[in-house]
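This report concerns only the one structure given below.
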Amino acid sequence: MPSWLETQHSLKRRLIDEDDFEWKLPTSSRNKTSVEEHGGHQLVLKYVGGVDVSFLKEDPSVACGSLVVLDLQSLQIVYQDYSLVRLRVPYIAGFLAFREVPILLPLIEKMKNNQSPYYPQVIMVDGNGMLHPRGFGLACHLGVLANLPTIGVGKNLHYVDGLNEEEVTRLLQAGRRRGEDFVKLMGNSGSIWGAAMRSPRGSQDPIYISVGHRVSLDTAINIAKITRQYHLPEPVRQADLRSRDYIRQHKSTLLNLADSSWKSRAAIDLFNDLAISGVLWFPVFKDGLESFCRWHLTDMHTTDQCDMFRSFLIKQVYYENLALTEQQLFAMRLEDFLISNGKRLLKFLNN
DNA sequence: GCGACAG
DNA sequence: ATCTTGTCGC
């Protein structure tokens, strides 16, 4: 089975980082009816999708994926769909796609299979595209697998190629003096990873636009510009708001499925005492339902650490414990495990 | 070696 | 991602 790293590299070979679509952007951004709309043969961009995933705070393994499609002219929603799933893949910086693509891709494929008239011509993704340590973030991953143009929209800067927020802020200031509300981000290596855009008003925080798949950076920036009314481009904002809403509305139902009995203060304290950092997922069972216990610890840092940690978890924690405790993973057992493996775990994390 | 790490 | 009500300001 290929590693996540290998998967990213092999999918990246299919990435297209230039415009590759039939449609054109509307000529003038506002009200004027474009020639193409009357012309018939030329297609104008009309349906822009947005995707996002939200979580249930009481049980972070419960997630809601959303796909919305907006009409570009009115920026009104013409299609929406949601899916509730239980996640078993932890979030690891640089590997977001492995967590969220399995939720989002089926929503897109469902639309295609149903031959929906609103099938999006481009999708804006809540997560980065090529602005990613290996140039292949969630938006790229989703775009390649769905074979759709995608645009990455990040709310935070993912550290890559020496880029940092101070630098971005500086660049944006300089750009503003030239009357630009965005600036392309060049890393130490000289390559351009994406762009930072100032908010239309108010908010200091920029958003980060990057190529997902089958669009150029310039096109990505243009689409972000014309879909942005607030801090986030409307398709992503709606996907975000509505997946959150959806999960809130189903909260009571979901809470019945959620299992909080495995929470053990003692084990968490033990982790803290051992000064272990990272995120641990333990499989637990209750009433025949599989659930995952997520131990959220301080933080995990370098990619190498993440990779080692992940393989450790999968080998040592996930499979072995699953096999050992088919019934329930009690706090005592968990503590026992930590006590007997704590040193090793520490050593492992510190190389 | 440390620290920076989308959602 | 998720921890969140009123509050300061245009």
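Every chain is numbered from 1, with letters handed out A, B, ... down the list of sequences. Side-chain atoms are counted along with the backbone in the values below, which use heavy atoms only and exclude waters and symmetry mates. Quick caveat, the model's predicted, so the values are computed rather than measured.
The side chain to side chain contact (heavy atoms under 4.5 Å, CB included) search around Leu171(A) returns Glu167(A), Val183(A), Leu185(A), not counting sequence neighbours. Listed by chain and number, the residues in a side chain to side chain contact (heavy atoms under 4.5 Å, CB included) with Asn114(A) are Lys110(A) (sequence neighbours excluded). Judged as a ring-ring contact (aromatic ring centres under 6.0 Å, His included), and not counting sequence neighbours, Phe182(A) has no contacts. The side-chain hydrogen bond (donor to acceptor under 3.5 Å, both in side chains) search around Arg14(A) returns none, not counting sequence neighbours. With sequence neighbours left out, the side chain to side chain contact (heavy atoms under 4.5 Å, CB included) criterion links Ser10(A) to Arg13(A). Every residue was checked against the ring-ring contact (aromatic ring centres under 6.0 Å, His included) condition with Tyr79(A), not counting sequence neighbours, and none meets it.
Annotation: cation-pi pair Arg244(A)/Phe55(A) absent, no NZ/CZ under 6.0 Å from the ring centroid and within 45° of its normal.
Within the structure, the ring pair (Phe, Tyr, Trp, His ring centres under 6.0 Å) test picks out the following pairs touching residues 103-130 of chain A (sequence neighbours left out): Tyr47(A)-Tyr118(A).
Side-chain atoms of Arg244(A) lie closest to dT2(C) of the nucleotides dA1(C), dT2(C), dC5(B). For Lys57(A), whose side chain is taken as the heavy atoms from C-beta onward, the closest listed nucleotide among dC3(C), dA6(B), dA1(C) is dC3(C). For Tyr159(A), counting side-chain heavy atoms from C-beta on, the closest listed nucleotide (dG7(B), dC5(B), dC3(C)) is dC5(B).
Ile16(A) belongs to no hydrophobic cluster with other residues, because no ILVMFWY side-chain heavy atom falls under 4.5 Å from its own, directly or through intermediates.
A heavy atom closer than 4.0 Å to some atom of DNA chain B occurs in no member of residues 180-195 of chain A.
Atom NE2 in His158(A) sits about 15 Å away from atom C1' in dA1(C), given to the nearest Å.
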Open item on the list: Can you give me the dot-bracket string for DNA chain B, 5' to 3', counting Watson-Crick and G-U wobble pairs with both distances under 3.5 Å, using [ ] for crossing pairs and | for partners on another strand?
Closed with: .......
Task: Dot-bracket notation for DNA chain C, counting Watson-Crick and G-U pairs under 3.5 Å, with | for partners on another strand - done: ..........
Check residues 140-149 of chain A and write down every donor-acceptor pair under 3.5 Å in which the side-chain atom is one partner and the other belongs to a residue at least two apart or another chain.
unit_1: Asn147(A); atom_1: OD1; unit_2: Arg214(A); atom_2: NH1; d: 3.0

